[in-house]
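Notes follow once the structure below has been shown.
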2 protein chains.
Amino acid sequence: MPDTPPPDPERLDPEQLAAYFALMEVGSLLQHAVDQQLRDEGGLSYTQFQILAVLGQAPEGQLRMTDIADRLVHSRSGLTYQVAQLAKAGLVARAPSADDERSVNVTATPQGKELLGRVMPGHVAVVRRLLVTPLNRSDITTLSDVLGRVRTHMRTTPPRSATPGRKPTTLRND
Amino acid sequence: MPDTPPPDPERLDPEQLAAYFALMEVGSLLQHAVDQQLRDEGGLSYTQFQILAVLGQAPEGQLRMTDIADRLVHSRSGLTYQVAQLAKAGLVARAPSADDERSVNVTATPQGKELLGRVMPGHVAVVRRLLVTPLNRSDITTLSDVLGRVRTHMRTTPPRSATPGRKPTTLRND
DNA sequence: TATTGTTATACTCTATAACTATA
DNA sequence: TATAGTTATAGAGTATAACAATA
C-alpha cells in the first residue's frame, strides 16, 4: 500500500513548504516591526539593539569584538561599523584588552544601559502583541522547543563548504 | 501558594523569550543561507527571487505592481527598483494594463522562468538541509500550524496606528 | 603563520518626498 | 480627490580586500 510517495529531494511537500513560508514571513514581519519600534523609540537598528542586549547579558558586562561578531553579525567589518556607530552615540566604550593586546573589549556605557532599559518595554510590547498574544502557553513551549532544535542543528551544520563532489578548479587544468 | 506570578506586561517569561529569540535567530540564519544560495547560483537577491516566485504562482502569470508590493516589499519605490533590476536582466517584462491605464502588469519572461527553475533545486536543498532535516513530520505540521496562526494574526493586527489614547491633534479644536 | 581588528571602497537596498498620469 | 507608479535623492548597512599589530 504505497500511499506515501518516496521523498523527492528535489521537492518539499506542502506541509514543509507551508512551514518554511510561514517561518520566513513571520520572521520578516516581526523583524520589521521590532526594528521600527527600536528606531522610533531609541534611534537604534535591530543590530545595534542586539549588540547592547548581548553586552547586557555578558557575565563581565563586556565582550571582545570577535565574541560579538560570532553571535550576531556576519562580517567583522560590519561589526566594526556598528560598534563605531554605538560608540559615536556614547552607548558603548571600547578598551584594549589587558591580556591580549590584539583584542578590544566593548562595554555598554551608563547611557547605553539606560537606553536599553528605556527601549525594552516597547520592544517587549511589540513581541507580545504580534507573537505572544495569538498563542497559548503550550504553543509557546512547542515553538521554542522545535525552533530551538532547528537552531542547534543550524549552528552545528557546516555552513556551505564541505560540499562533496565539488572539484575546486580541477577540471582540465585551466 | 502563588506559584504563577501575574503576567507582567512589561516582561516576557523565559519560555516566551526563548520562543522569540529562537524564531528571530532561525529566521535570520535561514534567510541568510537562502539569500547566499540564490546569489551564488542565480545572481538573485531573496526579494528578487520572491518576485519571480510570486509571478510564477499568479493565476494569469502576471500581477500588478501594487499586488506584488502588498505581498512582498514594504515601499512602492523599493518594488519599482527591484522590478527594474529584474527587467534589466531580462527576467520580467512590464506592460501597461488594458483596463486601467495607471496599472503596470508584470510577467516573468521565459528567461525568468528558466532561471527560477534552475535555482529552485538548490533553494529547496538549503531549506531541507537547514530546516526540514532536524524535524520530524509532526514537528513540521505543528510548526506550520502555530506559525500560520501567528501570520494570520499579524496580517490582521493593525500595524502600529490605532494606538488607543492617542489624540490625533484633537486637543482643543485645532 | 594565525588571529584580532580596522580601513577603504564599492555596492545593494530601502525609504521619503515630489511628481505624473489616470480613475 | 484618490490611486498607480516612477524618479530623485539620500542614508544605512554590508561585504571584500588590503592592511597593521599582536600571539
Side-chain angles (χ1 to χ4, degrees), chain A residues 28-29 31-40 42-52 62-89 91-107 159-160, chain B residues 28-29 31-40 42-52 62-89 91-107 159-160:
Chain A
S28 169
L29 289 174
Q31 158 99 41
H32 205 258
V34 296
D35 197 84
Q36 193 65 46
Q37 179 266 329
L38 291 168
R39 268 175 217 286
D40 290 348
L44 291 172
S45 70
Y46 187 61
T47 300
Q48 290 160 1
F49 168 77
Q50 283 181 303
I51 294 173
L52 286 179
Q62 66 175 26
L63 289 172
R64 299 179 310 151
M65 294 294 283
T66 297
D67 300 331
I68 303 174
D70 286 348
R71 302 197 203 183
L72 301 183
V73 183
H74 302 287
S75 77
R76 305 237 158 176
S77 63
L79 180 64
T80 296
Y81 170 77
Q82 290 295 354
V83 170
Q85 297 305 107
L86 288 171
K88 198 182 301 177
L91 301 172
V92 303
R94 285 176 287 191
S97 170
D99 43 289
D100 188 336
E101 291 281 337
R102 296 172 303 180
S103 296
V104 171
N105 284 325
V106 184
T107 58
R160 192 172 25 274
Chain B
S28 168
L29 288 174
Q31 158 99 42
H32 205 257
V34 295
D35 196 85
Q36 193 66 46
Q37 179 266 329
L38 291 168
R39 269 176 216 285
D40 290 348
L44 291 173
S45 70
Y46 187 60
T47 300
Q48 291 161 0
F49 168 78
Q50 283 181 302
I51 293 173
L52 286 178
Q62 66 175 24
L63 289 172
R64 299 179 310 151
M65 295 294 283
T66 298
D67 300 330
I68 303 174
D70 287 347
R71 303 197 202 183
L72 301 182
V73 184
H74 302 287
S75 76
R76 305 239 158 176
S77 63
L79 180 63
T80 295
Y81 169 77
Q82 291 294 354
V83 170
Q85 298 304 109
L86 289 171
K88 198 182 300 176
L91 302 172
V92 302
R94 284 175 286 190
S97 170
D99 43 288
D100 188 337
E101 293 280 338
R102 295 172 302 180
S103 295
V104 171
N105 283 326
V106 184
T107 58
R160 192 173 27 274

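Chain A is the first sequence line, chain B the second, and so forth, proteins listed ahead of strands; every chain is numbered from 1.
- Checking the phosphate oxygens (OP1, OP2) of C:dT12, no side-chain nitrogen or oxygen of B:Arg39 falls inside 4.0 Å.
- Two residues, A:Tyr46 and A:Ala98, neighbour DNA chain D, and the one matched to the more 5' nucleotide by heavy-atom proximity is A:Tyr46.
- Put simply, CG on B:Asp100 is 8 Å from C1' on D:dT3, counting in whole angstrom units.
- One donor-acceptor pair, N or O on each side, does fall under 3.5 Å between the base of C:dA15 and the side chain of B:Ser77.
- Residues A:Gln82 and A:Ser45 are in side-chain contact: their nearest non-hydrogen atoms beyond the backbone lie under 4.5 Å apart.
- Just one of A:Asp67, A:Leu86, A:Ile68 meets the side-chain contact (heavy atoms from CB on, under 4.5 Å) condition when paired with A:Val106; it is A:Ile68.
- In this structure, a donor-acceptor pair under 3.5 Å is present between the side chains of A:Arg76 and A:Thr66.
- B:Ser97 comes within 4.0 angstrom of nothing in the nucleic acid, heavy atoms only.
- Residues B:Thr47 and B:Leu72 fail the side-chain proximity criterion, which asks for heavy atoms closer than 4.5 Å.
- Side chain of A:Arg76, nearest nucleotide from C:dT4, C:dA21, C:dT16: C:dT4.
- A:Gln82 has no side-chain polar atom (N or O) that falls below the 4.0 Å cut-off from OP1 or OP2 of D:dA12.
- Between C:dA15, D:dA23, C:dT7, one nucleotide has an atom nearer to the side chain of B:His74 than all others, and that is C:dA15.
- Of the two residues near DNA chain C, B:Tyr81 and B:Asp99, the one whose nearest nucleotide lies more 5' is B:Tyr81.
- Taking side-chain N and O atoms only, A:His32 has a distance below 4.0 Å to OP1 or OP2 of C:dA15.
- For the OP1/OP2 pair of C:dT14 and a distance below 4.0 Å, the side-chain nitrogens and oxygens of B:Thr47 include at least one atom meeting the criterion.
- Contact between the side-chain N/O atoms of A:Ser103 and the OP1/OP2 oxygens of C:dT3 is not found at any separation under 4.0 Å.
- One finds a side-chain N or O of B:Arg94 lying less than 4.0 angstrom from the OP1 or OP2 phosphate oxygen of D:dT6.
- For the pair A:Arg102 and A:Gln48, nearest-nucleotide mapping onto DNA chain D gives the more 5' position to A:Gln48.
- The distance from atom NE2 of B:His32 to atom CD of B:Gln37, rounded to the nearest 0.5 Å, is 13.5 Å.
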